[in-house]
Amino acid sequence: MADASDYEKALTEIRTTHAGRPAPEVKTALLAAGEKYGVRIANEVAQDAAERIADGTL
């Protein structure tokens with residue numbers, strides 16, 4: 001079962017590969033990474049994280 005460390009892996013991966021890219025692209029990649037690590041990321045959480053990754057604040 002996925003846990004917080006799996007979410008952190010997905011977030012770190014996408015932050016590294018997608019920083020500064022458009023938020024919709026980041027969100028899509030983050031949701032895909034979540035699936036890869038077995039994590040279901042809520043839409044609101046993915047949107048917030050994607051916006052912050054896109055603008056460099058996360």
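Quantities reported herein were computed from a predicted structural model and do not represent experimental measurements.
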To the nearest 0.5 Å, tell me how far [X] [atom1] sits from [Y] [atom2].
X	Y	atom1	atom2	result
Lys36	Ile14	NZ	CD1	7.5 Å
Ile53	Leu11	CD1	CG	5.0 Å
Asp48	Lys27	CG	NZ	11.0 Å
Thr28	His18	OG1	NE2	8.5 Å

How close do [X] and [Y] get, counting heavy atoms only, and between which atoms?
X	Y	result
Ala46	Leu31	CB-CD2, 3.7 Å
Ala50	Ala23	CB-O, 3.5 Å
Ala33	Glu13	CB-OE2, 4.2 Å
Gly34	Ile41	CA-CD1, 3.9 Å

Could you list the residues that satisfy side chain to side chain contact (heavy atoms under 4.5 Å, CB included) with Asp6, not counting sequence neighbours? Ala2, Asp3, Lys9, Tyr37, Val39
